[in-house]
Amino acid sequence: MAEFDKTRAVYGIDLGTTYSCIAQMDKFDQAVVLTNFDGSLTTPSVVYFESEDKSIVGADAKGMLVTEPQNTVSFIKRSMGVDAAFDKATNTFPYHRDPSEISALILKKLVQDANDLGDNPEPVNDVVITCPAYFGTKERMQTKQAGEIAGLNVLGIINEPTAAAIAYGMKTTEKKTVLVYDLGGGTFDVTIINVNNGAIKVIATGGDHHLGGVDWDTDFAQFMLDNFNEQNGTSYTMDDEVLKNTLLLEAENKKKLLSSKETVKCNVQYDGLSARFEVSREIFDALTKNHLEETIDCTHKTIDIARQKGYNDELEFLLVGGSSRMPQVKQRLDAEFNCDAKLSDPDQCVAKGAAIYAMNAAYSQAMEDYEEGNIDERPAPIKGPRARVVNVTSKTYGTDCNDSNGNPMVKNLVFANTSLPTKVVDTFTTGFDNQRQVSMKVFESDFTNPETEDMVEERFCTMLEDRVLQITQNWPKGTRIDVVFEVDNEGILHVHANVGQEAIDFTLKINGVKSREELDDAIAAVAKISVE
């Protein structure tokens, strides 16, 4: 009996701020998104904690935002990388669960539904998870750990715009330069990518992982609140959690309607009072114009970076992310960049691209195993073009040093928008004989220009690590210290150091990223929480 071909038993997961979904490759090697128990292709990224060992994820949990906001968590993706959110002693998340653990519950729900409803020879295990292109090392590591906490084998992390470009690129044999404008529920990315018959090369990326459709909802909700207060002579504020969530849900629903209608009627009811009023698309666009302009600014900056790198091709604009459905987006982009922006499967293309990427990664590994004699059956060839991806780092990384006046500075080694994988070695020397310690700081920032931003002040950077490394041998003054910065294909930074011939142990210990022991504890704890 032939071995089960694991190259098809892989899945792509779009772990979104507001909605998530899971995709797999069918028998024709076409990416398909799997439905959940509600019959929907997307699942709200909301978790309601009914008790310490029982949670509800999805549409039913979203409804609990109004009745039990203290036990309900939404927009958890925005807390990735926020140190306070991973401090279980002080954070306010239910039952002291941190963002990676709450994200794991969302992943468990997606996988659980896929296992129960899908026609899978084996349970879902091997996955690729997407993240915003603008995520740094900390957020990427935490996203990867969320998958591990959910009990999954994470084959890799891939940028959302890159995944979208893969899904789009598999449909065309033309060579194109595509600008992926990815406006999701809570994050915004703009990425310029060369697409050529399955070859995906990222040129430049930018964005803001604290900008997305929820910001449009928040402004719309405030407008509704102002109308409610005016009609009722009240002075309610958004500090009231129940009222805030009521308004946000109403704002999201009416925003979606305004994508197809010119006007909508709003009916806000709270605390025995009500307000009725009409809102036009023109009013909505005016209320939220500032957020749209922020995306336009990011788009210009990313185009400028591509131009500086010598890419002057005509750009095809591709709109992805649910929030890009708003008519104001295409209208503004077309006017600003003299283009015809195309809306392409905005809710599903990221998960589909991740599934395609996962299958290609699994196929490459299976072929390697076959050629080395580790498996007997040659994997079935992939139908259609292979996806080949060259990504870039979204962040700049450096280490501490002093300028000519002795002032503490950051020396940037790896710059944002460098093709991956990349490796940079910088050399320092010991300051005195038999030196037994060396200080080592690692910084992350958004600088992009190696010519003018190679040395910057520490206050403009985020410190990822501050450690004193131990030297176990006696070395004379002036002994060479090599510091190696490597960023892998997933955009995750790895740092190594050597003094003379001695390798110094240096594993990044980033606050909020779990140690092996902490990860095992989280896996065990989340395994005990049932998900409905």
Side-chain angles (χ1 to χ4, degrees), residues 80-83 132-141 159 188-192 202-211 294 297-310 391-429 431 438-469 480-488 491-497 506 508-513:
M80 286 292 189
V82 180
D83 289 344
Y134 218 55
F135 263 12
T137 286
K138 179 188 293 190
E139 294 93 333
R140 290 171 188 272
M141 294 177 75
N159 293 347
F188 171 68
D189 283 311
V190 54
T191 303
I192 298 174
V202 180
I203 299 167
T205 192
D208 185 343
H209 64 263
H210 284 277
L211 176 64
E294 287 181 67
D297 289 344
C298 282
T299 302
H300 272 298
K301 289 176 183 176
T302 307
I303 292 174
D304 288 344
I305 291 170
R307 300 297 187 234
Q308 290 166 13
K309 295 174 74 172
N391 219 327
V392 298
T393 177
S394 63
K395 299 291 183 180
T396 290
Y397 297 102
T399 188
D400 56 313
C401 66
N402 293 319
D403 64 12
S404 57
N405 296 318
N407 299 314
M409 300 287 284
V410 174
K411 184 175 185 180
N412 288 323
L413 304 180
V414 177
F415 277 86
N417 294 300
T418 299
S419 293
L420 297 177
T422 188
K423 175 180 177 180
V424 175
V425 180
D426 203 13
T427 301
F428 303 88
T429 58
V438 59
S439 172
M440 182 76 178
K441 295 179 182 178
V442 178
F443 293 89
E444 181 180 85
S445 63
D446 295 326
F447 294 106
T448 59
N449 193 333
E451 295 181 3
T452 60
E453 297 167 337
D454 59 325
M455 294 269 285
V456 296
E457 295 180 45
E458 289 187 5
R459 62 192 178 98
F460 296 120
C461 307
T462 299
M463 188 186 299
L464 294 180
E465 176 71 282
D466 181 7
R467 263 214 341 270
V468 174
L469 306 182
R480 175 173 173 153
I481 303 175
D482 288 330
V483 177
V484 183
F485 276 42
E486 293 184 81
V487 185
D488 62 23
I492 295 175
L493 174 68
H494 306 271
V495 179
H496 314 281
F506 190 88
L508 279 174
K509 296 178 180 178
I510 302 173
N511 188 39
V513 176

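- Judged by the 6.0 Å distance and 45° axis criteria, K395 is positioned over the aromatic ring of Y134.
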Given side-chain contact (heavy atoms from CB on, under 4.5 Å), test L508 with V442 step by step and report yes or no.
-> CA-CA 9 Å; L508 279 174; V442 178; 4.0 Å; yes
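- The CD atom of Q308 sits 9.0 Å away from atom CD of E451, with the distance rounded to the nearest 0.5 Å.
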Would you sort out whether T302 and I192 count as a side-chain contact (heavy atoms from CB on, under 4.5 Å), showing the intermediate values?
-> CA-CA 8 Å; T302 307; I192 298 174; 4.1 Å; yes
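- A donor-acceptor pair is defined here as one N or O able to donate and one able to accept, closer than 3.5 Å; no such pair exists between the side chain of S439 and the backbone of V468.
- In terms of modelled atom types and a separation under 3.5 Å, the side chain of E444 and the main chain of T137 share a donor-acceptor contact.
- Once rounded to the nearest 0.5 Å, the distance linking CE of M455 with CG of N407 reads 9.5 Å.
- In this structure, K309 places its NZ atom where more than 12 heavy-atom neighbours from other residues, nucleotides or ligands lie under 6.0 Å away.
- Atom CG of residue N511 and atom CE of residue M463 lie 12.0 Å apart, to the nearest 0.5 angstrom.
- Listed for the D400 side chain is a donor-acceptor partner under 3.5 Å among the backbone atoms of K441.
- In terms of heavy-atom proximity, N402 sits nearest to P408 at OD1-CA, 3.5 Å.
- In this structure, L464 CG and T399 OG1 are separated by 11.0 Å, a value rounded to the nearest 0.5 Å.
- Taking each heavy atom of E457 and R459 in turn, the nearest pair found is OE1-NE, 2.7 Å.
- Contact between I510 and K138 at its shortest, heavy atoms only, is CG2-CE, 3.4 Å.
- For the pair T396 (side chain) and F447 (backbone), a donor-acceptor distance under 3.5 Å is present.
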What's the verdict on side-chain contact (heavy atoms from CB on, under 4.5 Å) for T462 and F443, showing C-alpha distance, side-chain angles and the deciding distance?
-> CA-CA 5 Å; T462 299; F443 293 89; over 6 Å; no
Side-chain donor/acceptor pairs under 3.5 Å, residues 411-420, sequence neighbours excluded:
unit_1	atom_1	unit_2	atom_2	d
K411	NZ	D426	OD1	3.4
K411	NZ	D426	OD2	3.0
N412	ND2	E453	O	2.8
N417	OD1	T205	N	2.6
T418	OG1	F415	O	2.5

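- Across T393, V424, V392, N391, a single residue satisfies side chain to side chain contact (heavy atoms under 4.5 Å, CB included) together with V487, and that is T393.
- Under the 4.5 Å side-chain criterion, counting only non-hydrogen atoms from C-beta, V410 is not in contact with C401.
- The neighbour count for R307 CZ, taken as heavy atoms of other residues, nucleotides or ligands under 6.0 Å away, is above 12.
- Rounded to the nearest 0.5 Å, atoms OG1 (T429) and CG (D482) are 11.0 Å apart.
- M80 and E139 get closest at one heavy-atom pair: O-CG, 3.5 Å.
- Screening H496, K423, H494 for a side chain to side chain donor-acceptor pair (under 3.5 Å) involving E486 leaves a single residue, H496.
- Checking S445 against Y397 by side-chain atom types alone, no donor-acceptor pair falls below 3.5 Å.
- Atom-to-atom distance recorded for C298:SG and F188:CZ is 5.5 Å, nearest 0.5 angstrom.
- Here the closest heavy-atom approach between residue P132 and residue N159 is recorded as O-OD1, 4.1 Å.
- Within the cation-pi definition used here (under 6.0 Å to the ring centroid, within 45° of the axis), R467 qualifies as a partner of F506.
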